[in-house]
Amino acid sequence: MRQIDELAALRAAIGEWRQAGERIAFVPTMGNLHAGHIALVEQAANHADHVVSSIFVNPLQFGPDEDLDRYPRTYQADCAKLAAAGCALVFAPTIETMYGSSGSITTTVSVGELATELCGASRPGHFDGVATVVARFFNLLQPDVALFGKKDYQQWRVLEQMTADLGFPIEIIGGETVRESDGLALSSRNGYLSADERGVAPELYATLNWAAEQLRYHHVDPKALAEAVNARLAEAGFRPDYCAIRRSKDLFEPATGDNDLVILAAAWLGRARLIDNLEVELTAG
Ligand code: PAF
């Protein structure tokens, strides 16, 4: 696996593959890789001749009070995992390489309303920061396909929208969430949980499954159900941030007759903000 941190070497490697007419799949990451990232790399290999991954903790997507400084940096271990999964090239730029010598760029991507709701409401600017770094990666790497985990469901939809709006000729694929055996979605931030909190954490996914049953079989009103989810999470020891039930394809509020839904929730447990979601297909009629 080639490890590159400079633009000239990256352009040369990408140029070689492009000239040979070979397909490139891209899996962006912020490092601290777990089995969810590795599943995306393995899935990516089915769509291209070469899988490229990036490791870059992107300051633009962290708020002033968020965990940018303590976000785990585990570069050597990450490279070993990527190489074992068949990744051909890892691009791990410095902040200066990504954003110029002053470390701050002035041209950014603004995604619009979808970026201000749900997770965007409690993390202002987060999705614009994600869209900006991913757009820059797309320009540098020119992938044919890019893969994003569906655990970050809103991020996946925001990036689909950004890709379409900016006309990138790139297919966006969502990878299924990888879970611990007790249902907890794998996340780099699970490492912030204490042993007691780790015992409570699977309640998030269990509550989403409960909510899915209420939607499927009891036709509960989505807004009332979202409130009930928050109440159950609070009772289990979480500090709920939000729960919402949306149309899965675009995260709009569901209208009568919309049958493909997703339940999205975010809740704090100690210093970890956990997010999870569950797609629900209602039977028509
Ligand atoms: O999901 C992530 O790890 C990040 O938001 C991403 C897509 C790598 C952009 O920094």
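In each ligand, atom 1 is the first atom listed, and ligand 1 is the first ligand listed.
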Protein heavy atom at shortest distance from atom 3 (O) of ligand 1: Met30 CG, 3.6 Å

Test of proximity, Gln155 against ligand 1: N or O pairs below 3.5 Å: yes

From CA spacing to verdict: side chain to side chain contact (heavy atoms under 4.5 Å, CB included), Arg189, Tyr192: CA-CA 6 Å; Arg189 290 187 167 103; Tyr192 298 157; 3.8 Å; yes

Short side-chain to backbone donor-acceptor contact, Asn209 and Tyr205, under 3.5 Å: yes

Close-contact set for ligand 1 against Pro28 heavy atoms, below 4.0 Å: 8 (C)

Interfacing atoms of ligand 1 (cut-off 4.0 Å, heavy-atom, Thr29): 8 (C)

Side-chain donor-acceptor pair present, Asp241, Ser122, cut-off under 3.5 Å: yes

Criterion side-chain contact (heavy atoms from CB on, under 4.5 Å) against Val52, the qualifying member of Val27, Leu89, Leu140: Leu89

Plane angle bin for Tyr153 and Trp156 - parallel if under 30°, tilted between 30 and 60°, otherwise perpendicular: perpendicular

N/O separation below 3.5 Å, Gln61 to ligand 1: yes

Phe56 and Tyr99 aromatic ring geometry - parallel, tilted or perpendicular at 30°/60° bounds: perpendicular

Distance filter under 4.0 Å to Val133 heavy atoms, resulting ligand 1 atoms: 9 (C), 10 (O)

For ligand 1, the portion of Leu159 having any non-hydrogen atom under 4.0 Å away: neither

